[in-house]
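Each ligand, and each atom within it, is numbered from 1 in the order the structure gives.
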Amino acid sequence: MAKMWAGRTSGETDRIADDFNSSIRFDSRMYRQDILGSIAHAAMLSRQGIIGVGEGEALIAGLQGILADLESGALAFDMTCEDIHMFVEQELTKRIGDTGKRLHTARSRNDQVALDVRMYLRDEIDELLPTLRALVEALCDRAGEHKATIMPGYTHLQRAQPVTFGHHLMAYAMMLLRDMARLSDCRARMNCSPIGCCALAGTTYETDRRGEAADLGFADICRNSLDGVSDRDFCLELMSDLSILMMHLSRFSEELILWSSWEFKFIELPEAYTTGSSIMPQKKNPDMAELIRGKTGRVYGDLVALLTTLKGLPLAYNKDMQEDKEAVFDAVDTAKMCLSVMTPMVAGMAVQADRMKQAAQGGFINATDLADYLVKRGMPFRTAYKISGELVALCLREGKVLETLPLETYKSYSDLFDADLYHEIDLTTCVEKRISEGGTSISSVDAQIAYVKEQLG
Ligand code: ARG
């Protein structure tokens, strides 16, 4: 079929060139946004007297029919069209005749595609936010259940100080809360309409950009037409936010993988989110968590790909920019998929509190508290630190732990030691006394949960 843009040239391109050039394979998913944008455009053209009222009505009715038929499945995409914009216009003209050819007045595919992508991603963020919220809520629930469950806290993956499992989970809730805020910020900045920037320079028609933008739910319009058609910051910003989100999910996945290993056995993942091995009958593999960790790399890749595509582009539109969509759609699809498995996995994991406690008892993670005991009785911290270190070394030589070392031994290191030291270095005491804001005590974890819930509104 002759190209819609045939004129200067015959529009006869090579079939391979057509395939290479066309984007309908991946931009047809924006059909809804494209049609809604066109309906608002037709309404604006008619309001402004740029086209007749009857023509405006015919365009709108035709577009509504196309939308309904695409949604019901009565109409299929014509994959020989270059892109979704060409498909809709072609179908419209097929249905309502020459009036259909008036739709593309005072606009260009350059501002049209920028509009569609913004509208599409705006909708995607609106879907992502509640999904993310569900994960934060699941974390709060699990944290509430385990606010007194003691586990070793790690630095350098070495046992460091006791924390509660609830406290550990709330760390992820805080990260994801920031991810939600970042996505909302991104949506607000994205919410500017480029339609009416036209090909690059604006138009000689008396359009009403603000009215058209308001009809489409935009808070503002892009103020420079060259920028309006060239800007893909909103894609980059969304992919940056999704990369950070994925990094968080990946770190959490890594912990879930570690914790469900035989070496840790702190948790057991729900069966529905694990797989078996084709050869080793005993296996229960954390594939979903591993895939989330793995897919993080691909979302970073999407971001870097588009950053690289854009970095040398002169103003204004260049066809390179068609590459924005596959990258940003993949990033959004991937993040959504990962969230959809992460939430039930967290909600359903079994927590082996006894194993956590056992691990917490083994690594001298109360040594800081032992030093603090001496400090509270007047010893300078550095001296107390040294004595505690020597006591740990002694325990290691004698196969003991701080809890089982006799009082006489303690006294031989400092006469500030007394029988109450055993209470002070008890893991429950260690956790319960960390009442500083943001610390690991039950009351602090409760406060963290309350804060996150309040932020969620
Ligand atoms: N399919 C194109 C894209 O995604 C639409 C814009 C085409 N504009 C043009 N001047 N060729 O970028």
Any luck finding a side-chain donor-acceptor pair between Glu323 and Thr309 under 3.5 Å?
no
Can you tell me which residue among His85, Gln33, Arg29 is in a side chain to side chain donor-acceptor pair (under 3.5 Å) with Asp116?
His85
Protein heavy-atom partner closest to atom 10 (N) of ligand 1 - residue, atom, separation in Å:
Asn110 OD1, 3.0 Å
Nearest protein heavy atom with distance in Å, relative to atom 5 (C) of ligand 1
Asp83 OD2, 3.5 Å
Pair Glu255, His168 - check side-chain hydrogen bond (donor to acceptor under 3.5 Å, both in side chains), show working.
CA-CA 11 Å; Glu255 299 216 89; His168 198 115; 2.6 Å; yes
Provide, to 0.1 Å, the distance between atom 1 (N) of ligand 1 and the closest protein heavy atom, together with that atom's residue and name.
Gln322 OE1, 2.8 Å
Are Phe329 and Tyr120, when compared by the centres of their aromatic rings, separated by less than 6.0 Å?
yes
Ring of Tyr172, cation from Arg251 - is the NZ or CZ under 6.0 Å from the centre and inside 45° of the axis?
no
Below a 4.0 angstrom heavy-atom separation, can you tell me which part of Lys325, side chain or backbone, both or neither, approaches ligand 1?
side chain
Just which atoms of ligand 1 are under 4.0 Å from any heavy atom in Ser23?
1 (N)
Identity and distance of the protein heavy atom lying nearest atom 11 (N) of ligand 1:
Arg109 NH2, 3.6 Å
If we ignore angles and hydrogens, is there a donor and acceptor under 3.5 Å between the side chains of Arg107 and Thr207?
no
Among non-hydrogen protein atoms, atom 12 (O) of ligand 1 lies closest to Tyr317 OH, 2.4 Å
